[in-house]
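Given the structure is predicted, the values throughout are model-derived calculations rather than measurements. Numbered from 1 within each chain, the chains take letters A, B, ... in sequence-line order.
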Number of protein chains: 2
Amino acid sequence: MSADTRQRLLDGTLVAMREHGVAGISARTIAAAGGVNQALIFYHYGSVDELLTAACLVNTKERVDRYTERFAAVGSLRELLRVGRALHEEERRLGNVSILAQLLAAAQTDGKLAHATKAALALWIEQIEAVLQRLLAGAPFAEVADVPGLARAISAAFVGLELYEGVAEEDAQRALAALDQLAVLVEVVDELGPVSRRALRAKIGRASRTTTRVDRRAPRT
Amino acid sequence: MSADTRQRLLDGTLVAMREHGVAGISARTIAAAGGVNQALIFYHYGSVDELLTAACLVNTKERVDRYTERFAAVGSLRELLRVGRALHEEERRLGNVSILAQLLAAAQTDGKLAHATKAALALWIEQIEAVLQRLLAGAPFAEVADVPGLARAISAAFVGLELYEGVAEEDAQRALAALDQLAVLVEVVDELGPVSRRALRAKIGRASRTTTRVDRRAPRT
DNA sequence: GTCTATAGCTGGATAGAC
DNA sequence: GTCTATCCAGCTATAGAC
């Protein structure tokens with residue numbers, strides 16, 4: 001059955017990625033991991049690279065879908081972070097190395113992978129941007145915050161943390177926990193009295209204008 | 001001349017990494033990039049992996065050394081970020097893909113690389129941690145901040161941003177710029193009046209104590 | 001659609017001349 | 001220390017039987 005084989009190949013790609021990483025992955029390791037004949041990779045996907053990009057997109061899509069409800073239910077920055085940590089933990093518990101992080105590394109020198117990984121990362125960014133937009137609506141910080149930029153920073157930071165955890169689990173956990181402090185900071189600021197808020201607004205506005213020479217349009221992704 | 005050959009191999013590794021990435025690097029591409037005979041890799045370093053780890057450590061050390069004075073001169077969080085951006089820009093201008101980010105990806109499935117990349121990343125963390133410790137000394141935020149944790153978060157986030165820039169340059173620049181807003185936030189908070197500071201301190205302390213540990217609640221399905 | 005078999009390469013690593 | 005030559009494992013991709 002064709003659909004089943006394609007699924008096995010996608011699954012096998014994830015398993016092979018976990019066991020061998022980007023540097024060690026190949027048509028043979030993927031086929032073995034998926035219990036599929038090696039030649040079928042080329043029949044169904046044309047090349048290993050195309051299978052990799054497909055797996056990256058499908059996998060990311062699945063993971064994002066699994067978390068959309070939770071993103072929608074997020075009511076504070078710290079809750080957003082909590083969802084991020086839950087996601088992160090689940091990934092590790094399942095034994096998954098982040099295929100997105102792995103492919104992002106490979107994409108540095110491969111145009112085709114670059115396109116696919118950018119698209120996959122965009123799926124996460126989209127979610128986070130929506131949450132931020134909602135959370136910061138009306139908050140003083142939002143008046144000067146570049147929400148799309150922050151969403152991208154958060155997403156990229158997360159990728160870095162996933163890679164970091166691969167080599168130093170406890171340190172990465174600690175780093176993740178420390179981010180909570182920043183989230184608290186934003187919330188605390190947004191709950192300050194009107195006087196402080198006014199002062200803050202002035203300062204932040206001034207500071208931002210002098211340092212963020214970025215246009216405010218949402219980038220096309 | 002042995003010393004010269006070893007240097008050529010280290011240089012060649014960086015060039016090859018830029019051109020082929022982790023996934024495509026090999027003894028032959030390294031030797032070609034360094035203008036050195038391929039067999040010398042094994043004579044001098046024993047294996048390709050050992051050359052990779054050596055190159056990663058040496059390269060990181062060099063880069064960290066190039067920036068120690070600047071780190072020492074940093075007087076605010078936003079200046080720290082500015083140094084980070086300068087570093088980042090220089091890297092790109094030189095055409096360097098971050099060898100550290102690349103190897104971190106490969107290290108996910110390779111214990112030996114994991115050790116070396118952790119050590120290399122630790123060199124950056126050390127710098128950033130020192131700066132944070134100095135900057136936040138006496139500030140209200142410092143009373144509840146986990147400085148080592150934040151230093152690790154910042155370093156890991158930077159790795160993620162370097163990878164992100166490889167596939168979406170403008171978006172990554174924007175993300176980097178957005179981080180400035182968070183730095184401003186910390187500084188603004190630290191410049192608040194005594195009344196606000198007291199309130200903030202109470203709130204942040206309370207918030208941190210309840211959330212710095214990993215949340216173990218089972219995810220809802 | 002799936003299999004076997006294999007062509008044609010490139011990979012890490014070594015032996016041995018110089 | 002550096003070179004050439006080479007072994008052989010593993011790679012992508014295809015041809016052709018079923």
Side-chain angles (χ1 to χ4, degrees), chain A residues 1-56 58 99 102-103 105-113 116, chain B residues 1-56 58 99 102-103 105-107 109-114 116:
Chain A
M1 204 195 300
S2 170
D4 184 63
T5 299
R6 292 175 69 92
Q7 188 58 48
R8 277 163 178 269
L9 284 171
L10 293 174
D11 294 342
T13 302
L14 298 188
V15 174
M17 193 64 90
R18 169 164 75 237
E19 284 173 6
H20 307 281
V22 243
I25 208 160
S26 74
R28 282 166 153 81
T29 57
I30 292 171
V36 175
N37 189 285
Q38 180 248 144
L40 293 176
I41 288 173
F42 303 95
Y43 178 81
H44 286 290
Y45 289 95
S47 72
V48 173
D49 269 11
E50 280 172 78
L51 172 55
L52 287 182
T53 62
C56 182
V58 170
I99 188 173
Q102 291 276 313
L103 287 192
Q108 304 295 307
T109 52
D110 182 332
K112 278 177 188 159
L113 279 182
Chain B
M1 207 193 302
S2 169
D4 184 63
T5 298
R6 291 174 71 91
Q7 187 58 49
R8 276 164 179 269
L9 284 172
L10 293 175
D11 294 342
T13 303
L14 298 188
V15 175
M17 193 65 90
R18 169 163 77 237
E19 284 173 8
H20 308 281
V22 243
I25 208 160
S26 74
R28 284 166 156 83
T29 57
I30 292 171
V36 174
N37 188 285
Q38 179 247 140
L40 293 176
I41 289 173
F42 304 95
Y43 178 80
H44 285 290
Y45 290 94
S47 72
V48 174
D49 269 11
E50 280 174 78
L51 172 54
L52 287 181
T53 62
C56 181
V58 170
I99 187 173
Q102 291 275 311
L103 287 191
T109 52
D110 182 332
K112 278 178 186 160
L113 279 183

A:T109 and B:M17: side-chain contact (heavy atoms from CB on, under 4.5 Å), yes or no, with the steps? CA-CA 9 Å; A:T109 52; B:M17 193 65 90; over 6 Å; no

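- To the nearest 0.5 angstrom, B:L113 atom CG is 10.5 Å from B:E50 atom CD.
- The salt bridge (Lys or Arg N to Asp or Glu O under 4.0 Å) contacts involving residues 18-42 of chain B comprise nothing, where partners must be two or more places apart or lie in separate chains.
- No donor-acceptor distance shorter than 3.5 angstrom exists from the side chain of A:Q108 to the backbone of B:G21, with no hydrogens or angles considered.
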Quick one: what's the B/S/- string for nucleotides 11-18 of chain C, heavy-atom cutoff under 4.0 Å, read 5' to 3'? BBBB----

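- With rounding to whole Å, B:Y45 atom OH is found 11 Å from D:dT2 atom P.
- In this structure, B:L9 places its CG atom 10 Å from P of D:dC3, rounding to the nearest Å.
- Looking at A:T13, its side chain does come within 3.5 Å of a backbone N or O of A:L9 through a donor-acceptor pair.
- Spacing between atom CD1 of A:I30 and atom P of D:dA13 amounts to 11 Å, rounded to whole angstrom units.
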Show me the donor-acceptor pairs within less than 3.5 Å that the side chains of residues 36-44 of chain A make with the rest of the protein, sequence neighbours left out.
from, atom 1, to, atom 2, distance (Å)
A:N37, OD1, A:A39, N, 2.9

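- In this entry the distance linking NE2 of A:H20 with C1' of D:dA9 reads 15 Å, nearest Å.
- Remark: C1' of D:dT4 and CG of B:N37 are 8 Å apart, rounded to the nearest angstrom.
- For B:T5 and D:dG1, the shortest distance from a side-chain N or O to OP1 or OP2 is not below 4.0 Å.
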